[in-house]
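The next block holds one structure in the form of structure tokens; read it before the comments.
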Amino acid sequence: MGKINPKFDIKRFLWVVVPFTLVAAFMLYMKPKDPNAERPNPFPLHNLNLVGQNVQGNIILNGISIANYKLGATKRSSTVSLTPWLINGENKLQVSINKSKTPKSQETATLKAEVHFQPKLGAIVKNQLFDLKKRPPLKTGDNDTPQTYYIQASELPKWGWSKGKADFHDISEIKAAIYKLHSAFKKRNIAAIRETEKFLFDDMERLTGREGLERRQYRGEIILKGEPEPLGQLRVIPYADGKVVRVTNKDGLAPIRVYFRYGNGGKIILTGQYWSKINGQWYVVR
């Protein structure tokens, strides 16, 4: 019996395949886009811009230490986002100003700061808070009383940290929460990590207008393939009557560090720096 070699029907192929391809392409084009992708922030953004030379200090907002800054001979500007720590209404901002240790040939120490307010329309208004150019030179070791200012904010969401319980907390209890989260990273327990960091990610989603960080590919990649460093000597400092607790290593950075090394590069997660006790549980909030 001879082999059957049917003639290829090009017309039938085109009638079947081409319409199917067009429909698939149309469905892909019409697929709903991520509603959070490139979504503009629905609230104003506030930044503190520091410009100066040979000065350093601390920034405290609503009783919470949110950042340190250090300006030298080459790095003469630094920007700190205030929005993640602002609440609706009056906010108390304090900026300490100390002279950095510098060579005698660089005795000049100046500092000015501006608050950049960005409303929905995108207009930027700059309000200069202070300028030290005309004041006497700071002496090494000076520890000036922090400059205090008040910022009115509105249209902000209720951040996760604002739900924290303002009360004295047992330091050993906070350290236990750190150990537990560190263990979750070691065991690659993504569910436990997401639960502990859920208030952080909810806030970050509001801030960035994009998909929550826990769903981004790079973070999952680091958790699954990276290795957390051993915990160092923890430093625990409560702020705002214990509403927010800051935990760092001796270097002042986040205590939990996970690295995923490949080639000559790598990726990193730093987490576990700011905590709040919400509904009886400890959560990472920043």
Side-chain angles (χ1 to χ4, degrees), residues 57-68 80-89 91-94 96 143 146 148 156-204 206-207 212-214 219 222-223 226-259 268-286:
N58 182 239
I59 300 169
I60 299 175
L61 185 56
N62 296 319
I64 302 170
S65 177
I66 65 170
N68 297 319
V80 177
S81 176
L82 302 181
T83 307
W85 296 103
L86 288 172
I87 58 175
N88 289 314
N91 294 263
K92 184 178 182 180
L93 173 67
Q94 296 172 289
S96 65
N143 188 7
T148 302
L156 294 169
K158 187 173 183 179
W159 304 118
W161 64 266
S162 66
K163 304 172 186 178
K165 181 181 179 182
D167 197 2
F168 174 79
H169 299 297
D170 185 350
I171 291 181
S172 62
E173 185 180 282
I174 302 168
K175 288 184 176 181
I178 289 281
Y179 298 144
K180 184 177 180 180
L181 180 58
H182 185 260
S183 176
F185 274 100
K186 289 181 66 175
K187 297 177 181 178
R188 298 173 171 80
N189 188 341
I190 295 181
I193 295 169
R194 287 183 176 178
E195 173 63 21
T196 307
E197 296 181 327
K198 65 180 182 180
F199 287 101
L200 166 66
F201 290 128
D202 286 347
D203 288 349
M204 290 302 101
R206 296 187 184 102
L207 279 168
L213 295 179
E214 80 280 19
R219 186 176 177 88
I222 300 174
I223 293 174
E227 291 294 335
E229 287 194 346
L231 287 174
Q233 183 178 349
L234 300 180
R235 185 184 181 196
V236 179
I237 306 176
Y239 294 110
D241 298 323
K243 180 184 288 288
V244 173
V245 177
R246 184 180 182 184
V247 183
T248 67
N249 277 359
K250 292 178 66 177
D251 58 11
L253 300 178
I256 297 178
R257 303 151 192 218
V258 184
Y259 293 91
I268 182 175
I269 291 175
L270 293 177
T271 188
Q273 187 166 16
Y274 290 93
W275 295 72
S276 286
K277 193 172 186 178
I278 304 171
N279 298 326
Q281 298 292 326
W282 284 101
Y283 294 95
V284 177
V285 292
R286 286 289 178 271

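Throughout, residue positions are numbered sequentially from 1 according to the sequence presented.
- To the nearest 0.5 Å, atom OH of residue Tyr283 and atom NZ of residue Lys198 are 4.0 Å apart.
- With sequence neighbours excluded, the residues that form a side chain to side chain donor-acceptor pair (under 3.5 Å) with Thr271 are Glu197.
- When the side chain to side chain contact (heavy atoms under 4.5 Å, CB included) test is applied to Ala176, no partner is found at least two apart in sequence or on another chain.
- Two residues are said to be in side-chain contact when any heavy atoms from C-beta on lie closer than 4.5 Å; Ile193 and Leu181 meet this criterion.
- With sequence neighbours excluded, no residue satisfies salt bridge (charged side-chain N to carboxylate O under 4.0 Å, His left out) with Lys180.
- In this structure, Arg246 has no salt bridge (charged side-chain N to carboxylate O under 4.0 Å, His left out) partners at least two apart in sequence or on a different chain.
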Distance-only check: which donor-acceptor pairs under 3.5 Å involve side-chain atoms of residues 235-244, not counting sequence neighbours?
unit_1, atom_1, unit_2, atom_2, d
Lys243, NZ, Ser162, O, 3.3
Lys243, NZ, Gly164, O, 3.2

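- Looking at Leu253 and Gln273, their side chains never come closer than 4.5 Å, going by heavy atoms from C-beta outward.
- A search for side chain to side chain contact (heavy atoms under 4.5 Å, CB included) contacts involving Asp170 returns Ser172, Glu173, not counting sequence neighbours.
- With hydrogens and angles ignored, the 3.5 Å screen pairs no side-chain donor or acceptor of Asp203 with any backbone N or O of Trp159.
- Within the 4.5 Å cutoff, no side-chain heavy atoms of Val245 are placed close to those of Ile171.
- When all heavy atoms are compared, the tightest approach of Ala67 to Asn58 is O-ND2, 2.9 Å.
- For the atom pair Ile59 CD1 and Asn68 CG, the distance stands at 8.0 Å (nearest 0.5 Å).
- Contact check for Leu86 versus Leu61: side-chain heavy atoms found under the 4.5 Å cut-off.
- For Asp167, the salt bridge (charged side-chain N to carboxylate O under 4.0 Å, His left out) test picks out Lys165, with sequence neighbours left out.
- Expressed to the nearest 0.5 Å, how far CG of Asn249 lies from CD of Gln233 amounts to 9.0 Å.
- The nearest pair of heavy atoms linking Arg286 to Pro84 is NH2-O, 2.7 Å.
- Put simply, OG1 on Thr83 and CZ on Arg206 are 13.5 Å apart, with the number rounded to the nearest 0.5 Å.
- Listed by chain and residue number, Trp85 satisfy the ring-ring contact (aromatic ring centres under 6.0 Å, His included) test with Tyr274 (two or more places apart in sequence, or in another chain).
- No side-chain heavy atom of Ile222 sits under 4.5 Å from any side-chain heavy atom of Phe185.
- Listed by chain and residue number, Lys158, Phe199, Ile278 satisfy the side chain to side chain contact (heavy atoms under 4.5 Å, CB included) test with Lys163 (two or more places apart in sequence, or in another chain).
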Is there a side chain to side chain contact (heavy atoms under 4.5 Å, CB included) between Leu82 and Ile66? Walk through the geometry before answering.
CA-CA 8 Å; Leu82 302 181; Ile66 65 170; 3.8 Å; yes
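- Applying the side chain to side chain donor-acceptor pair (under 3.5 Å) criterion to Asn91, with sequence neighbours excluded, gives Asn62.
- With sequence neighbours excluded, the residues that form a side chain to side chain contact (heavy atoms under 4.5 Å, CB included) with Leu231 are Ile178, Tyr179, His182, Pro255, Ile256.
- The salt bridge (charged side-chain N to carboxylate O under 4.0 Å, His left out) search around Glu227 returns Arg188, not counting sequence neighbours.
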